[in-house]
Amino acid sequence: MSENVDLLIHSAGQLCVVPAHDGGPQRGAALGDLGLIANGAIAARDGRVIAIGQSEDLRARFRAESEIDAGGRCVLPGFVDPHTHLPWVGDRAGEFEQRLAGATYMEIMNAGGGIMSTVRNTRQASVDKLVADNLPRLARMLRHGTTSAEAKTGYGLDTATEIKQLDAIAALAAIQPIELAATFLPAHAVPEEYRGDTEGYVGLIIEEMLPAGAAWMREQGNPMFCDVFCEDGVFDLDQTRRILTAAAALGYRLKVHADEFVGLGGTKLAVELGATSADHLVMTPEADISALGRGDTVAVGLPGTPFGLAHTEYTPAKAILAAGGALALATDLNPGTTWCESMQMVIALACRYMGLTQAQAIAAATLNAAFAIGRGHEVGSLMPGYQADILILDVADYRQVGYRYGTNLVQTVIKRGAVV
Ligand code: NIG
Ligand code: FE
C-alpha cells in the first residue's frame, strides 16, 4: 500500500539535505555538511518534507499528486537571505559614480547623501509605492532561489515612516511567496533633524520609536528583530547597548550591524546580549571573534558589501570557524553599498574572498542563514519536518554553485511544496 503525498521529486543526482547539528546550526569546522544523497528523492505533504531517501525506495512508498523527475540534477533547500534592507524607494547610481571618482561611503553619508538620500525618497512614498517598487526585487530574489528573507526598516528614521516601512513589509509578505522576517532599524543613521544631536535621536528611539514598533509587532502577532548600525560616526557602543537593551525589554529579538568599517565591540556586545545575529563583521577584533565561539549569536558575512564598495577586506570566516562560531551568508541588499539580489552571487564571493568551500557556503546560505533569523527549525534544511522549500538546479553537481557566477543556476523554485 502506498501512502499519498502532494509532491515527490525523484532522480536527483545529488539531494543536499543540509542537516541541522544537534538541532542547531553547523558550527565551526562542522560547517559544510550537506548530507548528500545520490539518486535522491524527497516527498512533501501539506507544505512539509515528510521523507527523504533513495529514489527507488520513495517511489515505491509514495503515490504523489505531482511528481517531478529531477533528471539527475542537484536539489537543495531554498536559500535564506537573513540580511536585506528592503523596502526602499529610489536608487543611488550617482553616488556609485562619485565613489568611482574617489569619494568614500562615509564621506558621502556625512555630506547628507548616502542613507539620508534614500530616507528622503522613502519618506515621500506611500505604502502602495513601497510595495510596487519592491515587489520586482523580491521576484528576482525568488528566481535566484531565495525562499525566505529578512527585511529591515531604517529608511524612515521618524516614527511614522518607520511604521510605514513595517506596513510595506507586511503587505509584501502577503502577496508573494518569499517569507519575510521583519527587523526594526530606526537606529540606521541619525536623521537630518537631529544632525549633531545623536543623543537626542537615541532618546527618541528609546522613548517613542521602539514602543511604537513593539505595538505594531503585538498587533501582527509575529516576532520582530531590532537592529542598530553600531559604527564610528553613527551609533557608538554605549548607544547601541542602550537601544538594544530597551528593545529586548519590549520583546524584540536582537541583531547588530557590527564592524563594517571600524571594530567597536559590537559583535561582543551582540553575544553578551544574546542577539540572534551579528552582521557584517569585517573589522572584527580577535576578542569578538572568540566570543562568537562561546555564544549562540550567528555571524552573518555579507561579502557583497565590500565587493560593492570595492574594498579589499572581507569577513574573516576562517577565524570565525576556527573559534567555533556559526557562520551564515546574506546579500545586505540595499541601494547604497550593494544592490545584489542573488544569494548565488554571494556564495561565489564568499568562496573567493572569505575562503569558504562551496559546501560551506551552501550550508551558510541555507541552514545557518535560517538560524540567523530564528527560523532554523522550520526552513534552510530538507530534513523531514522542515518546510518543503526546495530548489532544483540546472546542474548535476553542487560544486557548480559558487564556481560559476553571473548566470542563474536555479531551474525550479518550490515554496511550501508548490512550484512558484
Ligand atoms: O548594511 N551599513 C549600513 N547600512 C547598509 C547600507 C545602507 C545604505 O547605504 O543605504 C549596509 O551596508
Ligand atoms: Fe546592512
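Counting starts at 1 for both ligands and their atoms, following the listed order.
- Which parts of ligand 1 touch N334 is read off a 4.0 Å heavy-atom cut-off, strictly below it: atoms 5 (C), 6 (C), 7 (C), 8 (C), 9 (O), 10 (O), 11 (C), 12 (O).
- Looking only at heavy atoms of the protein, atom 2 (N) of ligand 1 is closest to E260 OE1, 2.6 Å.
- Distances from the Fe ion (ligand 2) show that E260 has no N/O/S atom below 2.8 Å.
- Protein heavy atom closest to atom 5 (C) of ligand 1, with residue, atom name and distance, is H85 NE2, 3.6 Å.
- Using a 4.0 Å cut-off between heavy atoms, H257 contacts ligand 1 through its side chain alone, with no backbone atom that close.
- In summary, the atoms of ligand 1 found under 4.0 Å from a heavy atom of H188, numbered by their order in the structure, are 3 (C), 4 (N), 5 (C), 7 (C).
- Of the protein's non-hydrogen atoms, the one nearest atom 6 (C) of ligand 1 is Y105 OH, 3.2 Å.
- In summary, of the residues considered (Y155, W88, F235), a ring-ring contact (aromatic ring centres under 6.0 Å, His included) with H188 occurs for Y155 alone.
- Between Y201 and Y194, the angle of the ring planes lies from 30° to 60°, which puts this pair in the tilted group.
- Residue E231 does not touch ligand 1, judged by heavy-atom distances below 4.0 Å.
- Not close to ligand 1: W88, with no non-hydrogen atom less than 4.0 angstrom away.
- For Y105 and F261, the ring centers are positioned less than 6.0 Å apart.
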(message) Run the side-chain hydrogen bond (donor to acceptor under 3.5 Å, both in side chains) test on Q98 and E107 for me, step by step, so that the C-alpha distance in whole Å, both residues' side-chain angles and the decisive distance to 0.1 Å come before the verdict.
(response) CA-CA 10 Å; Q98 278 177 271; E107 279 165 11; over 6 Å; no
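- Nearest non-hydrogen protein atom to atom 11 (C) of ligand 1 is D332 OD2, 3.2 Å.
- Taking the six-membered ring for Trp and the full ring otherwise, the centers of H377 and F371 sit less than 6.0 Å from each other.
- Regarding atom 10 (O) of ligand 1, its nearest protein heavy-atom neighbour is Y155 OH, 2.6 Å.
- Ligand 1 lies less than 4.0 angstrom from a heavy atom belonging to I115.
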